[in-house]
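Note that ligands are numbered from 1 as they come in the structure, with each ligand's atoms numbered from 1 the same way.
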Amino acid sequence: MAPTKATGSAADFVPEASSLPALREAAAGCKGCALWQLGTQTVFGEGPASAEIMFVGEQPGDQEDRAGRPFVGPAGQLFDQALAAAGIDRSETYTTNAVKHFKWKARGKRRIHQKPNWSEMTACRPWLEAELAAIGPRVLVLLGATAAQCLLGRQFRVTQNRRRLLESDLAESVTATIHPSAILRGEPQQRETELAAFVDDLRFVKSLL
Ligand code: URA
Ligand code: SF4
């Protein structure tokens with residue numbers, strides 16, 4: 001019988017065959033942590049297996065949870081705008097999240113985003129590792145602290161390390177920047193400046209190809 005309780009790790013669900021379609025199909029049934037009951041569906045990464053750039057965000061938000069696709073809500077729209085400004089074609093890149101189910105808390109009728117905790121990040125990491133292995137991107141871009149800490153360790157600080165080449169064997173080039181949501185959460189007067197800095201980080205990403 002299929003387990004109804006979380007097993008503690010996505011590793012229990014990652015198949016041997018590691019093509020993206022096989023991974024996506026298996027991830028749809030993941031019960032590696034308790035978030036499978038909270039989110040509507042697993043939001044797997046999106047993009048071609050031939051992608052040279054792979055972006056990793058935090059976890060799907062409200063709109064991603066409904067659509068079943070990463071970065072389609074407000075943060076995703078800002079991300080699209082920044083990518084276009086940096087001259088990166090999103091359809092040629094692969095975009096995914098460190099945690100693949102939406103974690104939320106009800107506030108009235110709204111579903112408020114909750115940050116995934118370390119055990120959820122650890123439980124979900126096998127999917128991210130399998131995506132990395134299937135794609136083998138040349139450039140790996142970690143968007144925000146959750147993605148960066150999930151793959152590089154809990155001590156990692158994005159603000160001190162953005163727009164730099166990081167020491168890691170996860171890809172030919174590994175770099176980190178802020179999460180686009182951080183721009184949306186910032187003071188309105190700061191947005192222009194923060195968006196411009198984010199676009200500069202993405203230009204740096206492009207220069208690594
Ligand atoms: N924020 C993320 O980190 N990922 C998404 O897919 C959407 C918002
Ligand atoms: Fe599995 Fe990740 Fe969803 Fe947890 S968040 S159930 S580990 S896909």
Novice: Suppose the cut-off is 2.8 Å; which protein N/O/S atoms would you list for atom 3 (Fe) of ligand 2?
Specialist: His101 ND1
Novice: I need the atoms of ligand 1 closer than 4.0 Å to a non-hydrogen atom of His179, numbered in the order shown.
Specialist: 1 (N), 2 (C), 3 (O)
Novice: Tell me whether Leu35 shares a hydrophobic cluster with Ile112, the cluster being built from Ile, Leu, Val, Met, Phe, Trp, Tyr side chains joined at under 4.5 Å.
Specialist: no
Novice: What protein heavy atom lies closest to atom 2 (C) of ligand 1? Include the residue and the distance to one decimal.
Specialist: Gln59 O, 3.0 Å
Novice: Which ligand 1 atoms does Glu58 reach within 4.0 Å, using its non-hydrogen atoms?
Specialist: 2 (C), 3 (O)
Novice: side-chain contact (heavy atoms from CB on, under 4.5 Å) with Lys103: which of His113, Gln114, Lys115?
Specialist: Gln114
Novice: Determine which pairs satisfy ring-ring contact (aromatic ring centres under 6.0 Å, His included) with at least one residue from residues 176-209, sequence neighbours left out, and list them in order.
Specialist: Phe71-His179
Novice: Which one of Phe71, Phe79, Phe102 has a non-hydrogen atom at the shortest distance from atom 6 (O) of ligand 1?
Specialist: Phe71
Novice: Give the numbers and elements of all ligand 1 atoms closer than 4.0 Å to a heavy atom of Gly57.
Specialist: 3 (O)
Novice: According to a 4.5 Å side-chain heavy-atom criterion applied to Ile, Leu, Val, Met, Phe, Trp and Tyr, with indirect links allowed, do Leu166 and Val141 form part of one hydrophobic cluster?
Specialist: yes
Novice: Which protein non-hydrogen atom lies closest to atom 4 (N) of ligand 1, naming both residue and atom, and how far is it?
Specialist: Asn97 OD1, 2.7 Å
Novice: Using a distance-only test with no angle check, is there a side-chain donor-acceptor pair under 3.5 angstrom linking His101 and Glu120?
Specialist: no
Novice: Taking all atoms of both residues into account, what is the closest heavy-atom pair of Leu83 and Leu202, and its distance?
Specialist: N-CD1, 3.8 Å
